Amino acid sequence: MVDALGVAVVGFGWMGRVHTQAYARLPHHYPQLPVRPELVAVAEDVPGRAEEAAERYGFASATGDWREVAADPRVRAVSITAPNFLHREIGVAMAQAGKHIWIEKPVGLSGEDARAVADAVAEAGVQGAVGFNYRNAPAVETARDLIASGGIGRVTHARVRLFSDYAAHPDSALTWRYERDRGGSGVLGDLASHGADLAYFLLGDIASLAADTAVFVPERSRPTGATAGHSLAAGGERGPVENEDYVSCLLRFASGARGVLEACRVSVGEQNNYGFEVHGTEGAVFWDFRRMNELRVGRDGTYQDQPLSTVYVGPGDGEFAAFQPGAANAMGYDDLKVIEAYRFLRSVAEGKPYGATLADAVRAAAVLDAMAVSARERGWVDLPVR
């Protein structure tokens, strides 16, 4: 028997829509899930946006105040897709109200914010999931298994990259994303948080790091109305960009491996160039998000002049079988969020965590905080290792 689970979405920009669509698709891809989400409420303070979302997607109610969601007894689980500066307040309040939460990274503006939400979730005894979607790609999970099994030998060094051009246009609107008090650490929180999670997911704890950051587009135009995504605002009043466009970081893993993490939001000519290369003593494995369902793998034991082979993931890899019947059939970005939604609601149904949790958010936030300190002080920073 399938139980109905009342869910709500707080913040209805692009990511709120992605979460909503993921909930709607769950019965199609995971009919065995013992709970079925019902869209109970949507909250968004931009006038008219919540009502539009309710009409389009079938939410039972719409509000401009997220506090009404926290007080709503129909709501048992909440997606928090509001701007970063609201994550801590909303996350803590929802947990204290007994709601399970699926919250987008970076879970606030700092490690302190992430820990506050994690502590509230633990104290309330609810489940908490975090939007580290790239780890959900079946190819990434397959790469992790290959690395963990010793399939490429002992890992020696790795590179994680996240390059995009979403902020490359000089007329990109000066939204909350570019303000320190509301957006936090710029590309560190937006893209490098995914990189920190992928690095840990694949290779384990980071023991120390050294980082450098830069702002390449120092001014942007203030928008005159509500914005969504990365819209333009030519001709408006100019204001300063307060957080980072770019970060490069050297990593030392607890295993002894070395790494490089690099992220940029103003990379002209790059659209979602996200991926990793992991080298070991006996082989290597590469992944490119733009070819999400493929791995490049070298492991034939020849060492020098070793060739790379293209491996297509299939039904035996990760959650691939929930979406496609055979290898080389494509999955896409939105599918990763369906996997995330499934693991979140499975956690709710079974009372134990599946997928990325608040502990992962705290770990990634500690890496971002260390990057900021390192860039400011121009030196290596140690991190706690379990």
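Both backbone and side-chain heavy atoms feed into the values below; hydrogens, waters and symmetry mates do not. Since we're looking at a predicted model, the values are computed, not measured.
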Lys/Arg-Asp/Glu bridge criterion (N-O < 4.0 Å) met for [X], [Y]:
X: Arg56; Y: Glu51; result: no
X: Asp212; Y: Arg376; result: no
X: Glu242; Y: Arg220; result: no
X: Asp197; Y: Arg135; result: yes
X: Arg25; Y: Glu340; result: no
X: Asp334; Y: Lys337; result: no
X: Glu277; Y: Arg161; result: yes
X: Glu294; Y: Arg291; result: yes

Counting distance only, does the side-chain N/O of [X] pair as donor-acceptor with the main-chain N or O of [Y] below 3.5 Å?
X: Arg290; Y: Asn273; answer: no
X: Thr81; Y: Gly11; answer: yes
X: Asp205; Y: Ala207; answer: no
X: His157; Y: Val278; answer: no
X: Ser208; Y: Asp382; answer: no
X: Asn84; Y: Leu109; answer: no
X: Lys105; Y: Ala361; answer: no
X: Arg238; Y: Glu219; answer: yes
X: Thr213; Y: Ala372; answer: no
X: Asp3; Y: Arg36; answer: no

If you apply the rule side-chain hydrogen bond (donor to acceptor under 3.5 Å, both in side chains), what do you find for Arg177 with Asn243, and how did you get there? CA-CA 8 Å; Arg177 294 183 182 278; Asn243 53 28; over 6 Å; no
Can you run down the ring pair (Phe, Tyr, Trp, His ring centres under 6.0 Å) pairs that involve residues 305-334, sequence neighbours left out, and say none if there aren't any? Trp14-Tyr333, His29-Phe323
Return the minimal non-hydrogen interatomic distance between [X] and [Y], and the atom names on each side.
X: Ala143; Y: Val285; answer: CB-CG2, 4.0 Å
X: Val42; Y: Ala53; answer: CG2-CB, 4.2 Å
X: Ser193; Y: Ala364; answer: O-CB, 4.2 Å
X: Ala124; Y: Ala95; answer: CB-O, 3.1 Å
X: Gln324; Y: Pro315; answer: O-CG, 4.2 Å
X: Leu191; Y: Leu162; answer: O-CD2, 3.6 Å

For residues 248-263, tabulate all N or O donor-acceptor pairs below 3.5 Å that involve a side-chain atom, not counting sequence neighbours.
{"residue": "Ser255", "atom": "OG", "partner": "Ala257", "partner atom": "N", "Å": "3.3"}
{"residue": "Arg258", "atom": "NH1", "partner": "Gly256", "partner atom": "O", "Å": "3.0"}
{"residue": "Glu262", "atom": "OE2", "partner": "Tyr246", "partner atom": "OH", "Å": "2.6"}

Do [X] and [Y] belong together in a cluster built from hydrophobic side chains that touch within less than 4.5 Å?
X: Val313; Y: Phe286; result: no
X: Val217; Y: Tyr178; result: no
X: Leu295; Y: Met331; result: yes
X: Phe163; Y: Leu188; result: no
X: Leu86; Y: Ile80; result: yes

Asp165 vs Val266, side-chain contact (heavy atoms from CB on, under 4.5 Å): CA-CA, chis, key distance, verdict: CA-CA 5 Å; Asp165 65 354; Val266 297; over 6 Å; no
With heavy-atom distances below 4.5 Å as the criterion, would you say the side chains of [X] and [Y] are in contact?
X: Asp113; Y: Val107; answer: no
X: Tyr274; Y: Ser164; answer: yes
X: Ser79; Y: Val7; answer: no
X: Val297; Y: Leu308; answer: no
X: His169; Y: Ser172; answer: yes
X: Ile101; Y: Val126; answer: no
X: Ser185; Y: Arg180; answer: yes
X: Leu174; Y: Val241; answer: yes

So, taking the atom named NE2 in His19 and the one named CZ in Phe344, what distance separates them when rounded to the nearest 0.5 Å?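 Nearest 0.5 Å value for the NE2-CZ distance: 9.5 Å.
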Could you tell me the separation between the CD atom of Glu141 and the CG atom of Asn136, rounded to the nearest 0.5 Å? 6.5 Å
Distance-only polar pair, side chains of [X] and [Y], donor-acceptor under 3.5 Å:
X: Arg296; Y: Ser309; answer: no
X: Asp65; Y: Thr63; answer: no
X: Thr142; Y: Asp317; answer: yes

For atom CD of Glu112, is the number of surrounding heavy atoms from other residues, nucleotides or ligands below 6.0 Å larger than 12? no
Please indicate whether Gln32 has more than 12 foreign heavy atoms, meaning atoms of other residues, nucleotides or ligands, lying under 6.0 Å from its CD. yes
Begin from the C-alpha positions of Glu319 and Tyr30 and carry the test side-chain hydrogen bond (donor to acceptor under 3.5 Å, both in side chains) through to its verdict. CA-CA 10 Å; Glu319 295 292 331; Tyr30 295 98; 2.9 Å; yes
Relative to each other, are the rings of Tyr23 and Trp102 parallel, tilted or perpendicular (30° and 60° limits)?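 Geometry flag for Trp102 against Tyr23: perpendicular rings.
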Applying side-chain contact (heavy atoms from CB on, under 4.5 Å), can you list everything that pairs with Arg182, at least two apart in sequence or on another chain?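 Partners of Arg182 by the side-chain contact (heavy atoms from CB on, under 4.5 Å) criterion, ordered by chain and then number, come out as Phe85, Trp176, Glu179.
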Check the pair Tyr166, Asp190 against side-chain contact (heavy atoms from CB on, under 4.5 Å), reporting the backbone distance first and the verdict last. CA-CA 11 Å; Tyr166 66 78; Asp190 195 20; 2.2 Å; yes
Quick one, Val140 with Arg144, criterion side-chain contact (heavy atoms from CB on, under 4.5 Å). Give me CA distance, side-chain angles, the key distance, then yes/no. CA-CA 6 Å; Val140 173; Arg144 185 195 195 201; 5.7 Å; no
So Val78 and Val9, side-chain contact (heavy atoms from CB on, under 4.5 Å) or not? Walk me through it. CA-CA 6 Å; Val78 181; Val9 176; over 6 Å; no
Is the positively charged end of Arg49 above the ring of Phe12, judged by distance under 6.0 angstrom from the centroid and angle within 45° of the axis?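 Not satisfied by the 6.0 Å and 45° rule.
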If you apply the rule salt bridge (charged side-chain N to carboxylate O under 4.0 Å, His left out), what do you find for Arg76 with Glu38, and how did you get there? CA-CA 10 Å; Arg76 294 174 57 196; Glu38 290 189 354; over 6 Å; no
